Amino acid sequence: MLPIDSEQQKINSLSSATRVDYEEEIHRLRKQMNAVILAHYYQDDEIQDLADYVGDSLELARRAADTKADVIVFCGVRFMAEGAKLLNPEKLVLIPDMKAGCSLEDSCPPEAFKAFKEQHPDHLVVTYINCSAAVKALSDIIVTSSNAEAIIRQLPHDQKIIFAPDKYLGAYLNKKTGRDMLLWNGTCMVHERFSETELVKLKTRHPEAIVIAHPECPEHLLAYAQHIGSTSSLIQYSAEHAGSSFIVLTEPGIMHEMKKRSPNSIFYDVPGMSGGACISCNACPYMKLNTLEKIYKAMVSHSPSIELSPELMVRARKPLERMLEMSRAIGRN
Ligand code: 13P
Ligand code: SF4
């Protein structure tokens with residue numbers, strides 16, 4: 001059951017001095033709307049704590065595909081919410097802030113990617129899920145950081161492949177699989193900015209600490225890591241080594257779940273670099289746009305919601321469903 005107009009009137013009548021218990025209101029609306037709240041591990045702690053499911057990109061796509069809820073509230077970034085819409089075209093998919101983009105998505109404009117693809121007609125297009133629906137529609141198979149290696153290994157070794165948009169993840173996968181995939185020149189602004197100098201300082205101060213890294217990091221940073229994997233994989237690894245200390249080369253929001261699973265471990269985050277100065281730019285500016293207030297307002301007003309043309313959805317859903325099938329076949333979720 002969806003909220004009625006009086007809900008919107010209630011918001012309108014709130015003076016700026018009125019305190020709203022957003023958590024309580026979100027719980028109430030969730031029941032009333034039969035909504036499910038999905039959150040990525042990079043969300044603020046309070047959003048992760050209130051979500052029905054917290055996960056990595058693949059787990060959240062799987063949750064979105066399987067949900068019986070009428071409404072999906074996606075607390076992550078836009079490409080993730082678009083993925084949920086592609087798998088549930090008839091459902092209302094809300095995102096607290098439509099400006100929650102992704103630098104990888106921005107680095108791969110669909111028209112330029114189409115032209116690139118046309119220059120290599122004999123290549124299969126394997127695309128990281130961090131891209132727009134329009135780029136998904138130009139792809140043969142979508143992958144996430146947790147299933148990319150296993151899916152690529154299933155493809156014939158002589159099959160030529162374009163991998164987009166993350167050149168660092170692509171280079172890591174080339175090294176792991178012995179492939180020579182043609183790489184699109186995109187990067188994640190968070191993972192490419194970690195300061196190697198600060199990482200070395202941390203490692204010198206805490207030589208016992210285990211370095212764990214997301215594969216969106218450049219190769220020179222991955223070289224320090226004892227474990228490389230998706231957000232879920234990094235969390236699982238830290239839980240398996242509970243009581244240790246870790247230097248974490250990914251967005252610091254992940255530490256909330258890590259600390260929950262292994263409260264006796266110590267976690268160090270690595271500062272980023274920008275313009276030669278070391279700054280705290282290791283938080284994803286897009287993920288951090290979501291707030292409890294925006295979630296509440298989105299649920300009341302049914303907006304912003306993900307809207308895609310039916311024709312685009314048909315084309316973009318295909319490679320996403322292919323990923324889910326191939327991923328299931330190899331026992332990943
Ligand atoms: P995961 O699929 O590992 O959760 O990564 C998503 C992401 O955006 C990393 O920057
Ligand atoms: Fe995109 Fe990087 Fe933010 Fe992940 S951390 S959503 S890849 S900008």
Side-chain angles (χ1 to χ4, degrees), residues 38-44 47-48 51 53-64 74-84 95-108 127-132 135-136 142-151 163-170 172-173 184-194 212-218 221-222 225 227-238 248-258 269-270 272 274 280-290 320 323-324 327 332-333:
L38 304 180
H40 188 265
Y41 289 122
Y42 294 165
Q43 292 294 286
D44 284 338
I47 297 179
Q48 293 190 43
Y53 300 106
V54 187
D56 70 7
S57 307
L58 178 61
E59 290 161 348
L60 294 178
R62 177 69 70 208
R63 290 288 181 192
F74 211 115
C75 303
V77 289
R78 202 175 47 236
F79 76 81
M80 296 178 175
E82 281 183 355
I95 179 163
D97 192 321
M98 195 54 96
K99 290 190 289 301
C102 170
S103 67
L104 276 168
E105 173 179 344
D106 294 345
S107 66
C108 194
T127 308
Y128 192 32
I129 197 163
N130 298 38
C131 64
S132 63
V135 167
K136 285 186 177 71
I142 299 301
V143 295
T144 75
S145 55
S146 67
N147 61 19
E149 184 183 337
I151 286 181
F163 185 84
D166 189 346
K167 68 173 177 184
Y168 296 129
L169 176 60
Y172 169 74
L173 291 166
W184 182 263
N185 187 20
T187 59
C188 160
M189 62 189 289
V190 174
H191 289 85
E192 78 171 346
R193 275 195 202 159
F194 286 114
I212 55 177
H214 195 279
E216 288 175 13
C217 292
L221 295 175
L222 293 180
H227 180 71
I228 298 168
S230 69
T231 49
S232 283
S233 164
L234 299 181
I235 289 167
Q236 194 183 329
Y237 183 89
S238 67
V248 183
L249 282 166
T250 194
E251 215 274 357
I254 197 173
M255 289 185 203
H256 183 55
E257 183 66 21
M258 287 178 168
D269 66 337
V270 184
S274 182
S280 290
C281 58
N282 56 6
C284 174
Y286 301 110
M287 287 278 183
K288 298 310 194 223
L289 285 174
N290 297 330
L320 193 58
M323 170 189 86
L324 294 176
S327 198
R332 299 278 163 124
N333 291 24

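Sequence positions, counted from 1, serve as the residue numbers for this chain. None of the values given here were measured: they were computed from a predicted structure. Whatever order the structure lists ligands and atoms in, that order sets their numbers, starting from 1.
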Engineer: Number the atoms of ligand 2 from 1 as they appear, then name those within less than 4.0 Å of a heavy atom of Leu104, with their elements.
Structural biologist: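 Taking each heavy atom of Leu104 in turn, ligand 2 has 7 (S) under 4.0 Å.
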Engineer: If you count the atoms of ligand 2 from 1 in the order shown, which ones are under 4.0 Å from a heavy atom of Asn130?
Structural biologist: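 Within the 4.0 Å cut-off of Asn130, ligand 2 contributes 7 (S).
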Engineer: Give the residue, atom name and distance (to 0.1 Å) of the protein heavy atom nearest atom 1 (Fe) of ligand 2.
Structural biologist: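 Going atom by atom, the protein heavy atom closest to atom 1 (Fe) of ligand 2 ends up being Cys102 SG, 2.4 Å.
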Engineer: Evaluate the side-chain proximity of Asn147 to Thr144: yes if any heavy-atom separation is below 4.5 Å, no if none is.
Structural biologist: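 Touching, per the 4.5 Å side-chain cut-off.
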Engineer: Closer than 2.8 Å to atom 2 (Fe) of ligand 2, do we get an N, O or S atom from Cys188, backbone or side chain?
Structural biologist: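 Within the cut-off used here (under 2.8 Å), Cys188 does place an N, O or S atom near atom 2 (Fe) of ligand 2.
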Engineer: Check contact between Ser145 and ligand 1, using heavy atoms of the residue and a distance below 4.0 angstrom.
Structural biologist: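 Yes.
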Engineer: How far is atom 5 (O) of ligand 1 from its nearest protein heavy atom, and which residue and atom is that?
Structural biologist: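 The closest one turns out to be His214 NE2, 3.3 Å.
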Engineer: In ligand 1, which numbered atoms sit nearer than 4.0 Å to a non-hydrogen atom of Asn130?
Structural biologist: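 Numbered from 1, ligand 1 contributes 7 (C), 8 (O).
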Engineer: Would Met287 count as a contact of ligand 1 if the rule is a heavy atom under 4.0 Å away?
Structural biologist: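 It does not, in that no heavy atom of Met287 comes within the 4.0 Å cut-off of ligand 1.
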Engineer: Looking at ligand 1, does His40 have a heavy atom less than 4.0 Å from it?
Structural biologist: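 The answer is yes: ligand 1 sits under 4.0 Å from a heavy atom of His40.
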Engineer: Measure the distance from atom 3 (Fe) of ligand 2 to every protein heavy atom, then report the residue, atom name and distance (to 0.1 Å) of the closest one.
Structural biologist: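 Looking only at protein heavy atoms, the one closest to atom 3 (Fe) of ligand 2 is Cys284 SG, 2.4 Å.
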Engineer: Of the non-hydrogen atoms in Leu234 and Ile212, which two are nearest, and what is the gap between them?
Structural biologist: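 Closest pair (atom of Leu234, atom of Ile212, distance): CD2-CB, 4.0 Å.
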Engineer: Only one of His191, Met255, Glu216 passes side chain to side chain contact (heavy atoms under 4.5 Å, CB included) with Thr250; say which it is.
Structural biologist: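 Per the side chain to side chain contact (heavy atoms under 4.5 Å, CB included) rule, the option paired with Thr250 is His191, out of His191, Met255, Glu216.
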Engineer: Just to be sure I read this right, does ligand 1 sit under 4.0 Å from the backbone of Glu251, its side chain, both, or neither, counting only heavy atoms?
Structural biologist: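 Neither part.
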Engineer: By number and element, which atoms of ligand 1 are closer than 4.0 Å to a non-hydrogen atom of Ser230?
Structural biologist: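 Checking each atom against Ser230, I get 3 (O).
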Engineer: So, taking the atom named SG in Cys217 and the one named OH in Tyr172, what distance separates them when rounded to the nearest 0.5 Å?
Structural biologist: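 The SG atom of Cys217 sits 11.0 Å away from the OH atom of Tyr172.
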Engineer: So do the side chains of Leu104 and Cys131 get within less than 4.5 Å of each other, counting heavy atoms only?
Structural biologist: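 No, their side chains stay 4.5 Å or more apart.
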Engineer: Would you find a donor on one side and an acceptor on the other, under 3.5 Å apart, between the side chain of Lys167 and the backbone of Thr187?
Structural biologist: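 Absent.
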Engineer: Looking only at atom types and distance, does a side-chain atom of Trp184 sit under 3.5 Å from a main-chain N or O of Ser107, one as donor and one as acceptor?
Structural biologist: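 Yes.
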Engineer: When you look for heavy atoms under 4.0 Å from ligand 2, do you find them on the side chain of Glu216, its backbone, both, or neither?
Structural biologist: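 The answer is the side chain of Glu216.
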Engineer: So if I count the atoms of ligand 1 from 1 in the order they appear, which ones are less than 4.0 Å from some heavy atom of Ser57?
Structural biologist: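 This gives 1 (P), 2 (O), 4 (O), 5 (O), 6 (C) as the contact atoms.
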Engineer: Is the shortest heavy-atom distance from the side chain of Met189 to the side chain of Asp106 under 4.5 Å?
Structural biologist: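 No, too far: nothing below the 4.5 Å cut-off.
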Engineer: Look at ligand 1 and say whether Tyr42 reaches it with a heavy atom at a distance under 4.0 Å.
Structural biologist: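 Flag set, Tyr42 near ligand 1.
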Engineer: Is the backbone of Val54 close enough, under 3.5 Å, to the side chain of Gln43 for a donor and an acceptor to pair up by distance?
Structural biologist: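 No, because the side chain of Gln43 does not come within donor-acceptor range (under 3.5 Å) of the backbone of Val54.
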Engineer: Tell me, which protein residue and heavy-atom name are nearest atom 10 (O) of ligand 1, and how many Å apart are they?
Structural biologist: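 Looking at atom 10 (O) of ligand 1, the protein heavy atom closest to it is Glu216 OE1, 2.8 Å.
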Engineer: Would you say the side-chain atoms of His227 and Ser238 include a donor-acceptor pair closer than 3.5 Å?
Structural biologist: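 Not at all, the side chains of His227 and Ser238 share no donor-acceptor pair under 3.5 Å.
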